[in-house]
Amino acid sequence: MSGFGKGCHLHLIDGSAFIFRAYHALPPLTRKSDGLPVGAVSGFVNMLQRYVEGNTGPDAATHVAVIFDHSGASFRNAIYDQYKAHRPPAPEDLKPQFPLTREATRAFNIACHEIEGYEADDIIATLSCRAREAGGRVTIVSSDKDLMQLVGDGVEMLDPMKNKRIDREGVEEKFGVGPERVVDVQALAGDSVDNVPGAPGIGIKTAALLINEYGDLETLLDRAEEIKQPKRRQTLIEFREQIEISKKLVQLDCEMELDFTIEELEIRDPEPEKLLGFLAEMEFRTITKRIADKLGVDAPTVADVIPDGPDAAPADAPETLPFNPDDYECVSDVESLKGWIAQAYERGYVAFDTETTSLNEMQAELVGVSLCIEAGKACYVPIGHRASATDDLFGGNARAEGQLDLNEALGLLKPMLEDESILKIGQNMKYDSKVLSRYGIMLGPIDDTMLMSYALFAGIHNHGMDTLAERYLDHTPIPIKSLLGSGKSMITFDRVPVADAVKYAAEDADITLRLWERFKPQLHQQKVTTVYETLERPLVPVLERMEMRGVKVDRDTLSRMSNAFAQKMAQLEDEIQKAAGRDFNVGSPKQLGEVLFDDLSLPGGKKGKNGAYSTGADILEDLATEHELPRLVLDWRQLSKLKSTYTDALQNHIDPETGRVHTSYMQTGANTGRLSSTDPNLQNIPVRSEEGRRIREAFVAEPGNVIVSLDYSQIELRILAHVAGIDTLKQAFRDGQDIHALTASEMFDVPLEEMTSDIRRQAKAINFGVIYGISGFGLARNLRIPRAEAQGFIDRYFERFPGIRAYMDETVKFAKDNGYVQTLFGRKIHTPEINAKGPTAGFAKRAAINAPIQGTAADIIRRAMVRMEDAIKGLPVKMLLQVHDELIFEVEEGAEDKLIEKARAAMEGAADPAVKLDVKLSVDAGVGSNWAQAH
DNA sequence: CTAATCACG
DNA sequence: GACGTACGTGATTAGC
């Protein structure tokens, strides 16, 4: 059957209502294997199943869809900003369940739709009107009274709870007027739940009375003077505008533009494998069994879908389809592009990739995009290729033939790329998203295979496309070098011949889609869905905005410093040459070693396999007592570092367009969950030395703004106190004590009031050492004390805090047993070398001890960042930078106190409600016109 | 392209 | 008993 018309019956299910009802009706169930909250999903599935079972007889549907509210504001908020303003935000344990309910709907093979800027009710209204015009019947499965305005002429409602059909009479019973006047009554009566104001003092009863008397709302308002009751008359006149706004709020939009047709909603039988696979993954044993019985197949057990290790093949491993670059299509006309976009709509998802002229997203120009619908079925859309490999005198800079116009292609792609119901799948989507945003396209929603790999395999391998393709698809992608070359003669992608670009670019999208198919089910199987959904995916847009904002860096300040450093260095170089007795390159460790140990024969030997002398800072520091030269070299090196890495290099990173420095955060750079920062690295701007710290003076606020820095105080030690359960430490943090002094006092039996800075310094080193997986050797070197003495400190520390040793032993044992360790939020860090022999074992052990602590801290600040934009909404603030335990903001002068209050609350409460810490988190704040002052 | 060095949390 | 050791990053430079 195709088409929709007479004899057809469309059922529209209010999905969001289902979710909330399920959530509130059921206890907070969690998935047994990983604690993912699934209560609402389970209730939702039950309701869907009951619906499907009941869908027989004369009222059975021929077409069906589940409609969801889209997250975020609707067009009604533009009309009235207080609309639904009193609604509390969705509970934390419900949020991760929203996407799962969409998945559940698809698992039932039922269409599901939502559209940004609209509420489910509007979509339902539009569909109802269209179905009615086509001569079909409609049943709206919902008990929401707002939908009653749609009833009549073949449209009915079905209250799923009471299993009661509501027709025209039902509506009159409820509102006292017919469906066509329901909005008028609602406009007058208002709605406290949705915060629709209405007319004060008028309820449904009075409203219906008035409407029935005057016919409709407009007439009533026009003739309000005639109303006999003085109070009512005055209210209607006084609140006329508010009533009219209310009507706009309750009036559903019947003429929305939809990105799908009614025909597409035709009912389909569930595919048992898909449905049961989903249910088993959710670990709904009873429902799985019941539905399997109904479908007449064997129920898969949880074990079927959850294999043992990350490398175990998924139960439904896609057959390996070979990669054939000749199958990829080059899209060069509008019809063809429309065809691919239509296919994306049909699927609900599409793998997507962009090709550009630069790795710098702030400057990259779009050259083409590729799409992949299913494994092996991909295309490339060239839009910015040039005619020749070089810019010659014969028009080589001209556009290549056979390409769509950039604006035309983007115009066609934009609605799909921004459509909330179409999932865009990519590898490192932050890059593509940033590039597209400069073309006015706000990409979303997205899935990212790189982030999935990170959630699944951190510690096992890196997460680049080449690694993933080779490891999971047994395929080596076309190297980009083969197209662009390397070194000096490297070309940009716009100069790659289109035919070559098609093979390369479409393959990337193809690989991405295949990786996604493989990784998506594994997230559940490996119990990292929550990590991916709460710590990875939502961070992408946050980082994207921080990167695009950049931070203002004052070139003159840096330039002046560079000059000063250069002068001082030249001076030092002279002194160094004099002290050495000959000319040599101070920057060469090799030459320096020869001068120190051969020419001057200072003590200190060769090291390493290459036979070179070691001339690290610690060695020079020791040598400084013997000779003046090492000290001079140390000073020179400090200046050299500051100049080359900071005052010089940073200037080159100032974007000519924005005058700001735009770093790039890598979400998958550090195994522990930390971010890393590149191009430039803004997470290692000097602070420890006085000279270095002055570089931060160049990081400034715009005129009328200030820089605010908020940093977690001792977050890793607090986490250690929590995970190891050390009461003394917990108490000390509760009392706001100096934690290093307390450690010193405990260890060396020195009362706090007699504490010396030296004893405290040693204790501080021990505290840090503990976090790093302390060893006698390491502590000895750090404190420059004999190894035996350092070992004595450590022994004493463990004696005093036995819980810490127990925690360390348990962590190492867990790693040995499982091959990974975990943060408090469920992030897994794999430790493949933990069972190695030899020195490697020591490394792996210490890394395993450190990872849960460092990783939990990283998770906490990630949570804070994800929530931050909401927490500081309405304030004239920009979040600019993250430095592991610190967030940097630029804020309009005067708003800094409010910002500190809001941001601090978000940071200190970032672990809630997922994890209840025994130790409270504490955040220090600083304000200034530059970063040096704010820190 | 790698090792050494040093900047940060 | 000896291994040789603090945890996690990125940028720059020298020198093959």
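Each chain gets a letter, A, B and so on, in the order the sequences are listed, and its residues count up from 1.
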Please determine whether a side-chain nitrogen or oxygen atom of A:Gln683 lies at a distance below 4.0 Å from atom OP1 or OP2 of C:dA11. no

Round to a whole Å and report the spacing from CD1 of A:Ile619 to P of B:dA4. 12 Å

Rounded to whole Å, the CD-P distance (A:Glu690 to B:dA7) equals 15 Å

Carboxylate-amine/guanidinium proximity below 4.0 Å for A:Arg693 and A:Glu690: yes

Going through the distances and angles, do A:Phe889 and A:Ile707 end up as a side-chain contact (heavy atoms from CB on, under 4.5 Å)? CA-CA 6 Å; A:Phe889 301 83; A:Ile707 299 287; over 6 Å; no

Base, sugar-phosphate, or nothing for A:Gly587, non-hydrogen atoms under 4.0 angstrom? sugar-phosphate

A:Ala649 near the nucleic acid: base, sugar-phosphate alone, or nothing, with a heavy-atom cut-off under 4.0 Å? sugar-phosphate

Atom pair distance, as rounded to whole Å: CG in A:Leu634 and P in B:dA7: 10 Å

If the P atom of B:dC6 is compared with that of C:dA6, how far apart are they to the nearest Å? 15 Å

When we call it a touch if two heavy atoms are under 4.0 Å apart, what does A:Gln591 touch: a base, just sugar-phosphate, or nothing? sugar-phosphate

NA contact type, A:Ser640, heavy-atom cut-off 4.0 Å: base, sugar-phosphate, or nothing? nothing

Side-chain donor-acceptor pair present, A:Gln933, A:Glu697, cut-off under 3.5 Å: no

Mark up nucleotides 5-10 of chain C, 5' to 3', with B wherever a protein heavy atom is under 4.0 angstrom from a base atom, S wherever such an atom reaches only the sugar-phosphate, and - elsewhere. BBBBSB

Nucleotide C:dT13, atom C1' - distance to CG of A:Leu639 in whole Å: 16 Å

Mind checking who C:dA2 pairs with, Watson-Crick or G-U wobble, both distances under 3.5 Å? none

Categorize A:Arg688 for me: base, sugar-phosphate, or nothing, with a 4.0 angstrom heavy-atom threshold over every strand shown. base

Validate the cation-pi geometry between A:Arg796 and A:Phe798: distance from NZ or CZ to the six-membered ring centre under 6.0 Å, angle to the ring axis within 45°. no

Checking base pairs now: Watson-Crick or wobble, both atom distances under 3.5 Å. What partners C:dG10? B:dC6

I'd like the C1' distance from C:dC3 over to B:dT5, given in whole Å. 26 Å

Take atom CD of A:Glu594 and atom P of C:dA14, then tell me their distance rounded to the nearest Å. 15 Å

Residues A:Lys813, A:Asp817: salt bridge by 4.0 Å N-O rule: yes

Grab the CG-P distance between A:Leu650 and B:dC8 for me, whole Å please. 13 Å

Measuring only between side-chain heavy atoms, which start at C-beta, is A:Thr668 closer than 4.5 Å to A:Ser453? no

Distance in angstrom units between A:Asp635 CG and B:dA7 P, rounded: 11 Å

Distance check needed: C:dA14 P versus A:Lys590 NZ, whole Å only. 14 Å

Could you list the residues that satisfy side chain to side chain contact (heavy atoms under 4.5 Å, CB included) with A:Arg784, not counting sequence neighbours? A:Asp618, A:Glu621, A:Asp622

Note: A:Lys430-A:Asp448 ion pair, threshold 4.0 Å (strictly below): no

